[in-house]
Asker: 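Questions regarding the structure given below will be posed in turn.
Order of the sequence lines sets the chain letters (A, B, ...), proteins ahead of strands, with each chain counted from 1.
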Amino acid sequence: MNEDKLIIETRQLCKNFGPTIALNHVDLKIYRGQITGLIGENGSGKSTITSILAGMQPASSGEMFFKGKPHKPSTMIEGAALGIGMIVQEQGYVSGISIAQNIFLGEEGRFRRHGIISRSAMVKAAQEALNNIGCNDIDASWYIEQIDLQDRKLVELARVMASNPEVLVVDETTTALSQRGRSIIYDIMRRMRDEDKAVIFISHDLDELMEVCDRMVVLRDGNLITDLDKPEFEPNLIKRHMVGRDMGEKYYREDYDGTVSDEVVLDVDNVTSGSGLLINFSMQVHKGEILGIGGLSHCGMHELGKVVFGEEKILTGSVTHVPSGQKIRDARHAIKLGMGYVSKDRDHEALVLSASIRDNISSAGLDKINDGPFILPNKEKAYVNQQVQTLSIKCASINQNVQYLSGGNKQKVVFGKWIGRDCDILILDCPTRGVDVGVKAAMYALIDDMKRQGKTIIMISEELAELIGMADRLLILKDGSLAGEFQRSRQLTEHEIIECMI
Amino acid sequence: MKKSWETIRNYFPIFGFVIVVVFFSIATKGAILSGTSLQSLLNQAIATALVSIGSVFVFGCGCFDMSMGGTLCMTAVLGGYAGIASGSIFVMALACLATALVLSLLKGLFAAYVEVPLFIVTIVLGFVLSALVLVIMGTETTILLNDAVKPIPSFNFTQMSAINIVALAGFFIVCVILFNFTALGRKVKILGGNPVTARQTGLNSVNIKLISFIISGVGVALAALVALLRIRSVGSTYGADMGTDVMIALVLGGMPLTGGPRTRISAGIIGALTITVLNSGLSMLGLDLAIIQIFRAVIYLAVVYVASMTYRTNLLPR
Amino acid sequence: MSKSTRILKNIVITLAPAVIVYLFFLLITNLFGEPGFGVGDNLRVIGYNMVYSGFIALAVSYNLTSGRFDFSVGSVLILSLIVGGNIAKEIDVPEPFGAVLMVVLVVLVGMLCGLISGLFYILLRLPPMVTSLGVAMIFEAIGFALFDSEGLRLYTRQDLLIWTKPQNSFILLALVLIVLIYLLNFTKFGYNCRSLQTGQKNAVEVGVNEKTNSVVCYIIAGGLMGFAGIMYISQNGIIAPQTGLSSSSFMMNAFLPMFIGNALAKYSDRNIGVIVGAFCQACLSSALVYLGAGPSMQTVMNGVAVMLFLIYVSNNYKFALHRAWREKKEKALGMTSAAKQ
Amino acid sequence: MKKFLALLLALVMVIGLAACGEPAGNESQAPASAPAGNSEAPESGEPVAEGPELSADGRYPAETVKIGFVNYDTTAQQFLSLQDYFDYLDDYFNFEIMYSESLDSAEAEFAFIEQCAAAGCQGIIGYYNEGREESVKLASSLGMYYWGQGQDPNVQEACGDDPYYLGSYYVGNADYEYGKSVIDSLVAADCHKIIVVTGGKDFGVQMFIDRYQGMMDAIQEAQDGGYDIEVVYEVPGWPGTEDFTAEQTSALATDADGLASALSALMWIQPISAAGKMNSIKIAAVDTPTADMVDLMASGLFVGVAAEIPDVFGLGVPMIINAVQGYGEEQRNEDGTAPLIDCGFWLITTAEEMEYYSEIEQEGGTWCFDADDVRSILYDYNPELTLDDMSALYSAVTMEEIQARR
């Protein structure tokens, strides 16, 4: 690409959060008239770099240039004013206010006519913004709660497009959208490219990127690995860059015998979940089996994990713990029956960030370490230190606050909670999400050991490679019901699975 | 840097207390450290300390209780009535305990099952309880233990201080054990830190909240009993500002009002002692009344600012 | 539903609570208590209480809706009256302007107090409840120290105390409401208030300046407490300084109107809702007098009313959830039976 | 470890108890023994050159006497006048007052008394007494004199013979008398339908209960005497709450022609003028004379003000000084019990009286009992002083009697 099309350039850009390094001297170039894909595993730094560009957070060091001039936005409004719009995966909208105000959040001053901000002018402009991204059916005067989660993300898109940015950043938003939402975003990206503007598209779904992007940049552990143009796109090559070593190396399980005892441990019978994401779903989990559960992000697999653990209310059907014959009422009951649950949203659901490693790990095993009503500190210390050893958690002392640990070590602390309890059924929801490669390998080895100790593991994951590598049996979900079942085998390829996922 | 900052932070409240004591020792030329003064400080601090220590569990598990004033007054009044009717300290103690536990249990059930902004409800509850005491007492507005059926033994100044020590040390030790050496303390810290994680770790939030309120009830009962024995009478305005005193004491003791892992049992006792030394030291200086109140406010804000230096968020606290 | 019927519906819903409460108590007092509720003199009292408690509830609402609990409202009322009133007392100005000058002075001092407590809040960054305790003590002490603790005595100055006449109080209220409705609905400050209230993290991330917004809220609250002070002094003619945090009892009659106001905010505007709430509370307190309830019973009834309303407001989303749950359940049962055939 | 540090801290504080054994307060003054003290009689009137030894700045007694003052409302007009009175006495007598903040319960009163002991006070003036005889016993056990609250019979009966209890002013049951005289002044002003303002009666404040009782008995007596009088409305509480305004308005809606207030009635002037009844209602209240009230009396709106004389509470200073100087024995009744000094109070019914009384009762005023009067009841200045002299002096409170003394 010729240099005069250069719109964004970063030189030696760095960013670190406490001990973890998110960006390591990245030199990135983004050109007009081109959709640039940023791909990499979770924690590779792809979201960090774009949030710095958009002004959500400052860089630790290094420079950025936008249209040739030095670029250091302190807020997203400043970024948007300069022409960099961004939509993120988490909730970006503000509840309790109208859609129109969401679209012009922080810029309501624009509609001031002789001292009065006219609400009708704002609603009209908001409706225009919605229409020009193709959402004529959404009424800008409604409260944002009146539309579903998918459309709320489109409202965020409308907000970004309303300040007609020269650079649009789409950060892993497509997975959260329905088919209609995804096609709207693709059209906008293509239109931006045709109007000679720039688009940065972030996803970890390789096929989607290969289809949409003109150029792709691969990131791994905060480093920029390679920069490929459309003709050079080749899946395995990109994956090798992403993962950083040959697929064949010792990473997942070695053995391929999927045989498992046919004693049923959990029986999920015709369950429809309260949130409506699981419809008439049935499955049986066998003792000592690693049951993989895959699918696109909103296929209901995360709800399945919560339903089995009793965290999500059930509309109809039941989840029965076969050995005890009891129907699982709630999380407490499940834990009593020897179950454990590692939530996907680690920082908000699985850990108490402001508490110490010791408090977190011992909180799950209080009934294991007490003598009568009392808990002796040294017995608790021993219990916690034992987990720290087995999981080799890097920390100054067990009294250190969990929030100062790296992503990988936090995940180990969560595992420590349940391994300490010695549960025999473990539900893992995206156990290796946001964890660096080294820790991933340790996690897989640990899961392998647990299987050998006869424990039953339900592993829910958005990474197909992980599921193929680890699971004895693999269930694929689509829109709340079973789409396919695969046995563990050497020949199993991602391609076959993706067929029934989409 | 992380580790050392952590330990320094835990000792901030004690530094605050020592600074206040040293300051007033100099200002009152040692008068505050005389025998009488120490005894009187203990007598004044006893009620706030007992109630604050009990409330550490309630604030620790993320609940909120500003109605301590009304609860304490109701407990002392009903305890006083029982004392007069029976003439025995034991029955009076039982009545105090029963009233305090019933009120605390109601608050506990309310906190556990009804989802509502607790800090507004408990403030209103405080006013309502104080008004209810007036309704119960009707015209005869002060209960005197002297007109009890059988004479209730009275205690002189020194005996009273002995009772105070036993009550304070006893309750403090029990709470230290409950908080640090049983599962309850850890459960309170986890529930206060993150209720969702607590649920997913299998902690029964209803039980934790109920037990916490019951312990605070015991603290209130003890405080009411000690006050009845010491003053031998109780008026309808007794304990009016205990609600704010407990909150100030816990914050001076270095405990965040939202509870969680930084909850400390020692916050109750240190905070109560700090505020008592502050109040009595100021009145001993014999300054003009307006200056006393401004001085108290400034010292209070300074110590609170120092004690809570640790948990800053970039969002303005709510 | 056309636009005009929607506006009509909103107006009806906003005013409904006031009418229902008024009629209900009219019935009750005539049946059980003595007659005379809500007519003639008592109607004037209800009007006064509505305006007086309305100002306090409005002041509290600007901070409490964003989670900032403020103990210092009472002390701001007293201090602004003592300083503003005594200054106005010295300046002699022809007949009607004296009273207006006093309002201006008292409200300005109130806003200054609000600014000070706002600055305390954003500089110390402590939970607002904790900071406001210290601020309340300081304001009370200043009020006590000034004018050698005599507070404000205007009972000999009838010319300044014209604001309890119904028409004057309603002019004051109308003026304040117009300004507040404009601020909350038609200015950037108003929009920021709403976005910060429910989405503090996202709003701040997008770049909404929370610091200035909260200080402005404190200034508005201070000014409103000045107006409440004007109503107080016009009714009683004298105010004594308070000490020992006893000024926080002024807050008690702010809770009920504020929560009713919040509930009605959707149908019209929070400020109007708060005034409707104040009218309901004024009816309640007057009715209790005609039912012969003593002052302590009043506090109990008022407190219970606030708690019941709070429980309803914080839990009524559960009723909607429950209904939706039942519908989903039937739909799901329907589906499973269909799947079984 | 930190938990034990906190516990250790609390125990160390209390070890101070064991270390100092008996409370330190009471070694210094042995109440019984009379000091040597020279005995020649100083002439009355001008402070005599020799006579008792004075402090460096010429004030009596030589060492400063520290007195604690238990107070319930720091903003009450009477307390403000009393502070001015003590500042006036401070120029002549070597004493120091430690004022308490607004105390609202017996527990707060106990705490303050203990603080006074720690600060080295030698006496307590019980201007406010919620703890009744327990407060006196506490002060005595801490080695401090206690003066005040005479009208409470069980205080007198329980502590009468305790050497540390110095007795009190005695206006009969003061508050009861004030209530009675408020009604008497309304009867004198020919009022028939009375609004009674009860203040803190329903809130459990003893002084308001006594005043209310006094009013009811006075009304009963007037009715027995054939005078047509009835209570048309009772208004409880204080301004600021919604129900007070409602009660106030409906009270003024009645055809009442008299208002009897157990507390300051200044807060009724504006509502009465708003109701346009300035000349159809007459007010009698319990209050402290101030300059503002002079024209209120002149206008006929106020017909009677029962006023506690601030100086009467000042009697505590000379009595405590006498005790500290060792005259405890002389200052007791024959049977050794603490004396009740009869004191008068003012029932002000004319503007002229109000003007005189408000002038003397303010900063720079000549007060009801000036420095010479106080000196006349100090044994060091007047050895043959008897309790009857004290009662005679403190009962002579009318305008004429004060002018006679000047």
Asker: Heavy-atom distance under 4.5 Å to chain D: side chain of S249(C), backbone, both or neither?
Answerer: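 Answer is neither: S249(C) stays 4.5 Å or more from chain D.
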Asker: Taking the side chain as everything from C-beta on, heavy atoms only, tell me whether Y155(C) gets closer than 4.5 Å to D292(D).
Answerer: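 A side-chain contact under 4.5 Å exists here.
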Asker: I need the minimum non-hydrogen distance between T241(D) and N253(C), along with the two atoms involved.
Answerer: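 Looks like CA-ND2, 4.4 Å.
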Asker: Give, as side chain, backbone, both or neither, the part of L288(C) having an atom under 4.5 angstrom from any heavy atom of chain D.
Answerer: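 Neither part.
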Asker: Where along residues 253-270 of chain D does a heavy atom come under 4.5 Å of chain C, listed by residue number?
Answerer: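 Those residues of residues 253-270 of chain D which have a heavy atom under 4.5 Å from chain C are A253(D), L266(D), M267(D), I269(D), Q270(D).
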Asker: Tell me, which pairs form a ring pair (Phe, Tyr, Trp, His ring centres under 6.0 Å) where one or both residues lie in residues 281-314 of chain D, sequence neighbours left out?
Answerer: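 Sorted result for residues 281-314 of chain D: Y127(D)-F313(D), Y169(D)-F313(D).
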Asker: So, using side chain to side chain donor-acceptor pair (under 3.5 Å) as the criterion, who are the partners of D41(C) when residues are at least two apart?
Answerer: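 By the side chain to side chain donor-acceptor pair (under 3.5 Å) rule, D41(C) matches R44(C).
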Asker: Hey, which residues of residues 75-83 of chain D are touching chain C, say heavy atoms under 4.5 Å apart?
Answerer: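 If one takes a 4.5 Å heavy-atom cut-off, the residues of residues 75-83 of chain D near chain C are T75(D), Q77(D), L80(D).
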Asker: With chain D, which of A293(C), G244(C), S53(C), G36(C) has the greatest number of heavy-atom pairs at distances under 4.5 Å?
Answerer: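 Between A293(C), G244(C), S53(C), G36(C), the count favours S53(C).
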Asker: Could you tell me which portion of T245(D) (side chain, backbone, both or neither) has an atom closer than 4.5 angstrom to a non-hydrogen atom of chain C?
Answerer: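 Both parts, backbone and side chain.
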Asker: Are T243(C) and E101(D) close enough, and set up right, to give a side-chain contact (heavy atoms from CB on, under 4.5 Å), and what steps lead you there?
Answerer: CA-CA 8 Å; T243(C) 55; E101(D) 297 194 76; 5.7 Å; no
Asker: In terms of heavy-atom contacts, does CD of E352(D) have more than 12 from other residues, nucleotides or ligands at under 6.0 Å?
Answerer: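 No, CD of E352(D) has 12 or fewer neighbouring heavy atoms, counting only those of other groups under 6.0 Å.
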Asker: So for atom CG, which belongs to D91(D), do other residues, nucleotides or ligands contribute more than 12 heavy atoms lying within a distance under 6.0 Å?
Answerer: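 Yes, enclosed.
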Asker: Indicate whether any N or O donor in one side chain lies under 3.5 Å from an N or O acceptor in the other, for E242(D) and Q298(C).
Answerer: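 On atom types as modelled, these side chains do not qualify, holding no pair under 3.5 Å.
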Asker: Can you tell me if CE on M301(C) sees more than 12 non-hydrogen neighbours from other groups inside 6.0 Å?
Answerer: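 No, the 6.0 Å shell around CE holds no more than 12 heavy atoms from other groups.
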Asker: With chain C as the partner, which of P271(D), S102(D), G237(D) has the greatest number of non-hydrogen pairs under 4.5 Å?
Answerer: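 That would be P271(D).
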Asker: Among S246(C), P295(C), S296(C), S149(C), single out the residue with the greatest number of heavy-atom pairs under 4.5 Å to chain D.
Answerer: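 Highest number of pairs under 4.5 Å: P295(C).
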Asker: List the atom of Y233(D), the atom of V289(C), and the distance in Å for their closest heavy-atom pair.
Answerer: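 Smallest interatomic distance, heavy atoms only, reads OH-CG1, 3.8 Å.
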Asker: If we define contacts as heavy-atom pairs under 4.5 Å, which of Q242(C), R157(C), K165(C), R153(C) has the most with chain D?
Answerer: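 Option with the top pair count is R153(C).
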Asker: Please state whether the side chain, the backbone, both or neither of D148(C) comes within less than 4.5 Å of a heavy atom of chain D.
Answerer: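 Just its backbone gets close to chain D.
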